[in-house]
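This one's a predicted model, so the numbers in the text were calculated from it and none came from an experiment.
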Amino acid sequence: KPSSSIHQVYFNSVFLGARLSEVELPNQCFLLGLVRGNQVYSLADAPEILAEDWLVAVALNESVVPEFDLCLKQAKLSRID
């Protein structure tokens, strides 16, 4: 059974600055677009992902949802020197 998901992008997301079409997800998982303010952008629009965007995605199989959610919540590692 397909499962939809919406994730907010934060300032420390690994996807920040990437084009929506460049995001790699697990097998059977797809980004459909993003919401920014009152605008909806499709994958075909190839928007750059910004902080506070909402990623709209779907997993075709429920069994991959935990991996899928973890992937979308990835944060950049910060180094303290």
Undergrad: Please answer whether the main-chain N or O of Arg36 pairs with a side-chain N or O of Gln39 as donor and acceptor at a distance below 3.5 Å.
TA: no

Undergrad: Answer yes or no: are there more than 12 heavy-atom neighbours, outside Glu52 itself, under 6.0 Å from its atom CD?
TA: no

Undergrad: Looking only at heavy atoms, which two atoms of Val9 and Ile49 are closest? And how far apart?
TA: CG2-CG2, 3.7 Å

Undergrad: How close do Ser42 and Pro47 get, heavy atom to heavy atom, and via which atoms?
TA: O-CD, 3.6 Å

Undergrad: Is it the case that the side chain of Glu67 and the backbone of Val64 share a donor-acceptor pair, with hydrogens and angles ignored and the cut-off at 3.5 Å?
TA: no

Undergrad: Val14 and Val23: same hydrophobic cluster, using ILVMFWY side-chain contacts below 4.5 Å?
TA: yes

Undergrad: Any chance you could measure Lys73, atom NZ, to Phe15, atom CZ, to the nearest 0.5 Å?
TA: 12.5 Å

Undergrad: Taking atom CG of Leu60 and atom OG of Ser3, what is their separation to the nearest 0.5 Å?
TA: 10.0 Å

Undergrad: Report the distance from atom OG of Ser63 to atom NZ of Lys1, rounding to the nearest 0.5 Å.
TA: 13.0 Å

Undergrad: Supply the atom-to-atom distance Leu20 CG to Glu48 CD, rounded to the nearest 0.5 angstrom.
TA: 11.5 Å

Undergrad: Could you tell me which non-hydrogen atom of Phe68 sits nearest to which non-hydrogen atom of Ala59, and how far apart they are?
TA: CD2-CB, 3.8 Å

Undergrad: Any chance you could measure Asp53, atom CG, to Gln8, atom CD, to the nearest 0.5 Å?
TA: 9.0 Å

Undergrad: Quick one: pull up CG in Leu55 and OG in Ser13 and give me the separation to the nearest 0.5 Å.
TA: 7.0 Å

Undergrad: Looking at every heavy atom in both Trp54 and Ile6, which two are closest together, and how far apart are they?
TA: CE3-CG2, 3.5 Å

Undergrad: Looking at every non-hydrogen atom in both residues, tell me the closest pair between Asp69 and Ser5 and how far apart they are.
TA: OD1-OG, 3.4 Å

Undergrad: Does Leu43 belong to the same Ile/Leu/Val/Met/Phe/Trp/Tyr cluster as Val58, with side-chain heavy atoms less than 4.5 Å apart forming each link?
TA: no

Undergrad: Looking only at heavy atoms, what is the nearest atom pair of Leu72 and Leu31, with distance?
TA: CD2-CD2, 4.3 Å

